[in-house]
Amino acid sequence: MASREQPDTKRSAIKLQAWDALDAHFKKVSKLHLRQLFADDPNRGERMAVEAAGLYLDYSKNRITDETLKLLLRLAEQSGLQARIEAMFRGEKINVTEKRAVLHVALRAPRGASIVVDGENVVPKVHAVLDKMTDFSDRVRSGVWKGHTGKRIRNVINIGIGGSDLGPVMAYEALKAYSDHDMTFRFVSNIDGTDFAEAVRDLDQAETLFTISSKTFTTLETMTNAHTARAWSLAGLGGDEASVAKHFVAVSTNAAAVSKFGIDTANMFEFWDWVGGRYSMDSAIGLSTMIAIGPDNFRAMLDGFHQMDEHFRATPFERNLPVLMALLSVWYNDFFGAETVAVLPYEQYLKRFPAYLQQLTMESNGKHVTLDGTPVVRQTGPIYWGEPGTNGQHSFYQLIHQGTRLIPCDFIAFAKPLNPLGRHHDMLLANVFAQAEALAFGKTLDEVKAEGTPDWLAPHRVFEGNRPSNTILAERLTPETLGKLVALYEHCVFTQGVIWNIDSFDQWGVELGKVLAQRIIPELESEAEPGLTHDSSTNDLIRRYRKLKEFLCKSE
Ligand code: G6Q
């Protein structure tokens, strides 16, 4: 019997019949070629596509048959996906290891909606913070909010790391076209001093505002950078402590720590423990985004998120974009043994989107035990990676086309460019369509020979094809579209996690990283030679660093 402390995770014990059916099915279809599948069904391209909330997903270039889809959908049903979706939206504590609700969907719920956590409707709180952010952003953007010396704020630097950095950076880059170009936005995350030094090199303290973003307000990197920022700011403002109130605001769940740092809690923007770091770009963590693009655009982004939430919650699985994408990734991950997924946006503004997705996907689903703590029997989260097109075509695409590994790709493209320049956009789109086509259909030996290629060279020029991809096509990259795209992947990750029966919302590996270095810091900084009790490799590296540091210090 489970102890009182233990969450109810019954399903993990049940072996789902759909897995067996898929194993058997895989043996039958794994060798089928996309050339054949398309030849057999001339309408496949139109049939295997879904449009929802303004996003068009063409999944026809996947190595699936109708039967595959049927079985994958059965897997979703047997996994209890619908009930788990409802549990998330109802605010149940589905993050079982941290006993927390998982309610990023509440961050974009419309005013007037009700989502109850521990007996309290959280939606009014969400909107109160949004209103406070709106007021503050308006004041900074209009110049009403002035720095300590009376100058207006021209530079905003967000200090945060992980979930308190990657979302804001990605969103700023993605929505740069909508941002106030008279202002400078920078993001400092790394504890490597270079990150801070380069970010402020050309800035005037009197015009610079720091948003210190940290859910816990205890993270080593962020606190170290925040203290350095405070010292830098004070140095340029005559050392007057009163200036901190004009140049520092905080985004956190920890009011006590914010106050201890010296930031007036009146200048703190709150969020809650039911918002996971990697799911927080649409919370107050998005303050820098709101200052950059303005409150109306920020709210349009939230609306995009919400539209995808509604789609995910209410649409039958066979037409449900996040569910379909998740099932396809499970198909490659657990049956074909594919280890990675490439995300390839053909939109320069989405250059940080793959990096953002790396955290969202890999921190969420990089898990080795199921909800009840027993080892998983299938591979879990694949490695997500990518670069914007067309750059990748001139580097790593070679391996996708002709290497020995199977790498499913997500292509993302938009019909309308944000910077129309001559024929650029048609060429960009021609490339994305051509790549997906070439990956799927390849080039046979006969075709290569028919081009007059000599026999010895022909094998090198053969493209096997049968490389699967999704293509996501939308009208234009807008704040609303970005919201939809991010929510699409959030719910895709959720669905994968339900299928693998893992906790997608904890991150014990990250927590470990937060404590590991603490033990070594004093060993690097102590005057006296420390007694080292690590392994011989770590001990030696520490000794060597100390010696080098001393030597370099003396020789300066
Ligand atoms: C995200 C993770 C992690 C976290 C950072 C920063 O889901 O928990 O990336 O966001 O470690 O944490 P703080 O916001 O508490 O500084």
Side-chain angles (χ1 to χ4, degrees), residues 88 94-105 107 129 157-171 187-192 195-196 210-230 248-261 263 268-289 352 354-367 381 384 486-487 489-494 496-497 502-518:
M88 173 170 72
I94 60 166
N95 174 357
V96 294
T97 71
E98 296 183 302
K99 299 196 176 74
R100 285 178 181 167
V102 174
L103 271 181
H104 38 281
V105 293
L107 298 170
V129 173
I157 301 187
N158 184 68
I159 294 184
I161 195 163
S164 301
D165 168 70
L166 286 160
V169 180
M170 182 279 287
F187 300 85
V188 173
S189 54
N190 201 331
I191 200 159
D192 183 336
D195 205 6
F196 182 82
F210 290 92
T211 57
I212 312 296
S213 300
S214 175
K215 182 172 168 179
T216 54
F217 230 73
T218 56
T219 306
L220 178 72
E221 292 88 338
T222 301
M223 288 303 105
T224 308
N225 279 320
H227 282 285
T228 301
R230 199 170 183 280
F248 284 80
V249 297
V251 179
S252 188
T253 59
N254 186 348
V258 167
S259 180
K260 198 162 158 230
F261 178 85
I263 297 177
M268 169 177 152
F269 299 84
E270 194 191 1
F271 64 117
W272 307 273
D273 71 0
W274 41 262
V275 183
R278 55 193 174 277
Y279 296 88
S280 67
M281 61 170 273
D282 47 346
S283 71
I285 288 290
L287 182 62
S288 58
T289 316
R352 295 286 294 174
Y356 172 79
L357 283 187
Q358 284 186 335
Q359 183 191 25
L360 180 68
T361 58
M362 297 204 271
E363 201 168 288
S364 297
N365 286 342
K367 306 292 159 65
Y384 277 76
V486 174
Y489 279 94
E490 284 178 348
H491 297 319
C492 172
V493 165
F494 175 87
Q496 294 169 334
I502 55 178
D503 190 333
S504 300
F505 301 102
D506 60 11
Q507 56 282 313
W508 297 104
V510 177
E511 309 306 329
L512 174 72
K514 289 187 178 184
V515 292
L516 280 184
Q518 296 292 355

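Start at 1 and go down the list; that is how both ligands and their atoms are numbered.
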Where the closest heavy atom to atom 3 (C) of ligand 1 is concerned, which of K215, R278, E363, Q507 has it? E363

Are D273 and T253 close enough that a side-chain donor and a side-chain acceptor fall under 3.5 Å? no

With heavy-atom distances below 4.0 Å as the criterion, list the atoms of ligand 1 near G277. 1 (C), 7 (O), 10 (O)

Residues two or more places apart in sequence or in another chain: which of them pass salt bridge (charged side-chain N to carboxylate O under 4.0 Å, His left out) with R230? E241

Test item, Q359 contacting ligand 1 (heavy atom, 4.0 angstrom): yes

For the CE atom of M88 and the CH2 atom of W274, what is their distance to the nearest 0.5 Å? 13.0 Å

Between F210 and F248, what is the ring plane arrangement, given parallel below 30°, perpendicular above 60°, and tilted in between? parallel

Closest to atom 4 (C) of ligand 1 among protein heavy atoms sits G163 N, 3.8 Å

Atom 15 (O) of ligand 1 has as its nearest protein heavy atom T216 OG1, 2.6 Å

Starting from atom 6 (C) of ligand 1, find the nearest protein heavy-atom neighbour and note its residue, name and distance. I161 O, 3.1 Å

Sort out for me which residue in V486, D165, L360 forms a side chain to side chain contact (heavy atoms under 4.5 Å, CB included) with M170. V486

Report yes or no: does a heavy atom of K514 sit under 4.0 Å from some atom of ligand 1? yes

Do you see a donor-acceptor pair shorter than 3.5 Å between the side chains of T211 and N158? yes

